[in-house]
Chemist: 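Okay, handing you the structure first.
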Amino acid sequence: MNITVERLPEQELKPLFADPTQLGFGKVFTDYMFTAYYRKGQGWVEPKISKLKALQIDPAAVALHYSQEIFEGLKAYAGPDGRILLFRPEQNARRMYASAERLCMAPVPEELFLQGITDLVNLEKRWIPKAPGTSLYIRPTLIGTGDALGVHPADEYLFYVILTPVAAYYKEGFKPISLYVEEHYIRAAVGGVGNVKTGGNYAASLLAAAKAQEKGFSQVLWLDAKENRYAEEVGSMNMFFVFGRKLVTPNLGGSILPGITRASVLELARSLGYEAEERPIGIDEVIAGLQDGTLTEAFGSGTAAVISPVGSLFYQDQNHVIHGNQVGPVTQQLYDRLVDIQYGRAEDPFGWVREIGRL
Ligand code: COI
């Protein structure tokens, strides 16, 4: 694949953010973006890296009216030995492919996905922050850009990748967050698109999240749509409940995102000698575990969130504190192991990390 690169003159490049630990999440963007178009009869054409700029898009584009939009999230890490590392990027490529098929979109071939990201990140390597807990977040996005208002799949697609240097996703940093167990709104139902990384799922979550935040909680824990009983996910992360040496996470029943960090935590936990179960877990079981002390910790997992400790659950007018609202030892151990592998500080017995260049 021949990717065209349109370089900017040195004096047009943006200055780097002064203090990477204050970056927050997704507020600063780099100089370049990757783009490629799918056109009917031609396939994927015009792969290009050029200046990051506003898109020109037809106001009738299918993405804008009927939400043919999917995205991914992964990170580039600066290894201590100067390697630029990605974490399981082929898993993101495959999940985006599956998302595209579910939404009747032209899937992005794995090679295009990986090559576009590799070349863009290498060109933008000065933007990979080196402070602890920071990384370069990569946001591949696919949108339907055809221009007719009948409800049908687009006949043109734009695949683009943008980059943003980031620190912690939550303003709390690596500190326990508070969750509001949502009983009124639902995020997704089995048979719908809850397991697809599409913007609509996130739009559907905004009102409940805003109401929870107004009440002082960080995020919402969603329950299943049918019985309003089983824990699902948090929207920005999958959930894990810790019962001593056993981890329980909701099974992939079709309504939650198949998280890559989730899958990695399961493997990592088992390799460290924990039992790890994927099964439906009722909120009644969670609350009972908190009341009798058998549920010892809870945390979320995600690319942006990494592993985020959960310090309390608010359910039916009662606040239930988890592990004294402190980071528990299991959460800490899994976090340390995972980030040491991601940043290339520890051996990677799983073969998860990909070196894509040097700083
Ligand atoms: C990610 O973790 O990469 C996500 O896409 C979640 C998003 C809400 C930030």
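Whatever order the structure lists them in is the order used to number ligands and atoms, beginning at 1. Throughout, numbering of the chain's residues begins at 1 and tracks the sequence.
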Chemist: Below a 4.0 angstrom heavy-atom separation, can you tell me which part of Lys75, side chain or backbone, both or neither, approaches ligand 1?
Modeler: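 Within the 4.0 Å criterion, Lys75 makes no contact with ligand 1.
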Chemist: Would you check if the side chain of Glu233 reaches a backbone N or O of Gly235 as a donor-acceptor pair within less than 3.5 Å?
Modeler: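 Such a contact is found between Glu233 side chain and Gly235 backbone.
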Chemist: Report, in ascending order of atom number, the atoms of ligand 1 lying under 4.0 Å from any heavy atom of Tyr202.
Modeler: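 The atoms of ligand 1 under 4.0 Å from a heavy atom of Tyr202 are 8 (C).
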Chemist: Please list the nearest protein heavy atom to atom 7 (C) of ligand 1 with its residue and the distance rounded to 0.1 Å.
Modeler: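 Scanning the protein heavy atoms, the shortest distance from atom 7 (C) of ligand 1 goes to Arg139 NH2, 4.0 Å.
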Chemist: Under 4.0 Å from a heavy atom of Ala304: which atoms of ligand 1 are those, numbered in the order shown and with their elements?
Modeler: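 Those atoms are 1 (C), 2 (O), 3 (O), 9 (C).
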Chemist: Assert yes or no for the condition that the ring centre distance of Phe314 to Phe217 is strictly below 6.0 Å.
Modeler: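 Under 6.0 Å, so yes.
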Chemist: Under 4.0 Å between a Lys/Arg side-chain N and an Asp/Glu carboxylate O for Asp31 and Arg126?
Modeler: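 Judged by the 4.0 Å cut-off on N to carboxylate O distance, Asp31 and Arg126 do form a salt bridge.
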Chemist: Provide the number and element of each atom of ligand 1 under 4.0 Å from a heavy atom of Tyr137.
Modeler: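 Numbered from 1, ligand 1 contributes 1 (C), 3 (O), 4 (C), 5 (O).
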Chemist: For ligand 1, indicate whether the residue Met237 contacts it via side chain, backbone, both or neither (heavy-atom separation under 4.0 Å).
Modeler: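 Under 4.0 Å from ligand 1, Met237 contributes no heavy atoms.
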Chemist: Taking the six-membered ring for Trp, are Tyr157 and Tyr37 closer than 6.0 Å centroid to centroid?
Modeler: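 No, ring centres 6.0 Å or more apart.
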Chemist: Would you say Lys197 has any N or O atom under 3.5 Å from an N or O of ligand 1, going by distance alone?
Modeler: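 In this structure, Lys197 places an N or O atom under 3.5 Å from an N or O of ligand 1.
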Chemist: One thing to verify: whether Glu72 and Arg95 come together as a salt bridge, which I'm taking to mean a side-chain N less than 4.0 angstrom from a carboxylate O.
Modeler: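 Yes, Arg95 and Glu72 are salt-bridged.
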Chemist: May I ask you to say whether Lys48 pairs ionically with Glu6, meaning some side-chain N is under 4.0 Å from a carboxylate O?
Modeler: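 Between Glu6 and Lys48 there is a salt bridge, with a charged N closer than 4.0 Å to a carboxylate O.
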Chemist: Please name all residues satisfying salt bridge (Lys or Arg N to Asp or Glu O under 4.0 Å) with Glu46, sequence neighbours left out, ordered by chain then number.
Modeler: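 For Glu46 the salt bridge (Lys or Arg N to Asp or Glu O under 4.0 Å) partners, ignoring immediate neighbours, are Arg39.
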Chemist: Which atoms of ligand 1 sit under 4.0 Å from any heavy atom of Phe71?
Modeler: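 Answer, ordered by atom number: 5 (O).
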Chemist: Quick one: nearest non-hydrogen protein atom to atom 9 (C) of ligand 1, plus distance?
Modeler: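 So the nearest neighbour among protein heavy atoms is Tyr169 CE1, 3.7 Å.
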